[in-house]
Amino acid sequence: AQSVAQPEDQVNVAEGNPLTVKCTYSVSGNPYLFWYVQYPNRGLQFLLKYITGDNLVKGSYGFEAEFNKSQTSFHLKKPSALVSDSALYFCAVGFSGGYNKLIFGAGTRLAVHP
Amino acid sequence: NAGVTQTPKFRVLKTGQSMTLLCAQDMNHEYMYWYRQDPGMGLRLIHYSVGEGTTAKGEVPDGYNVSRLKKQNFLLGLESAAPSQTSVYFCASSSGTLVADTQYFGPGTRLTVL
């Protein structure tokens, strides 16, 4: 069965430090992986996605994600965190199930402290 | 270009009342989706549509109905609201049938059922 896991409910990081938000997946076939961010009282905003090709994917707001097939992971990273990055982050896996289907992880809350 | 919009932003219902949530998109997307977001559970798909005049059930369809009479609009109805339907509802759209297509989300509707 297709699934996505975000093992950390919350990640705390100091401003200026690098951040990592973890995501692991389980799919049959080729994975299509997405990261979304949700700011307070807002909808989900698309950050980046992995379809094929280079394992390092660059996205919006300076975020990037590394696809690791052997570890079935797609961790979100940023070299230098900003307080404004504080938000709820969702990893999702897409696959064909009669429609363009997304399975979401439970979300990880990122708190960046000044 | 407004993207995906949702009406209303907030609503409080009493048990047994009915209501309709409206989603509109101006991107000429074929696919539209309704999700609900509950704490610690990510997003779960309620219903979806692959084109004007078509609808189908997602993971958690019970207690909801949908209609897509126009390509740009996707309505979610609650015929007899229950406290278990207290949630944040998100509409999304995507351009087509590819699994790799990005879904774009509206700002959400926060519904409380008393």
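Treat the numbers as computed from the prediction; the structure is a model and nothing was measured. Each chain gets a letter, A, B and so on, in the order its sequence line appears, and its residues count up from 1. These values consider heavy atoms only, across backbone and side chains, with no hydrogens, waters or symmetry-generated copies.
Contact of Leu44(A) with chain B is made through backbone and side chain together, with heavy-atom distances under 4.5 Å. For Arg44(B), no part sits under 4.5 Å from any heavy atom of chain A, backbone or side chain. For a residue to count as touching a neighbouring chain, one of its non-hydrogen atoms must lie under 4.5 Å from one of that chain's; by this rule Gln6(B) does not touch chain A. Heavy atoms closer than 4.5 Å to chain B are found in the side chain of Tyr36(A), but not in its backbone.
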Quick one: do Tyr35(B) and Glu59(B) satisfy side chain to side chain contact (heavy atoms under 4.5 Å, CB included)? Show the steps, please.
CA-CA 9 Å; Tyr35(B) 292 89; Glu59(B) 300 172 67; 5.8 Å; no
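Contact annotation: the side chain of Cys23(B) never approaches that of Asn73(B) to less than 4.5 Å [non-hydrogen atoms, C-beta and beyond].
Of the N and O atoms on the side chains of Gln103(B) and Ser94(B), not one donor lies less than 3.5 Å from an acceptor on the other residue. Tyr61(A) and Gln45(A) are linked by a side-chain donor-acceptor pair at a separation below 3.5 angstrom, with hydrogens and angles left out of the test.
Looking at Arg109(A) and Asp9(A), no side-chain N of the basic residue comes within less than 4.0 Å of a carboxylate O on the acidic one, giving no salt bridge.
Chain B forms the most heavy-atom pairs under 4.5 Å with one residue out of Leu88(A), Ile51(A), Thr52(A), Ile103(A), and that residue is Ile51(A).
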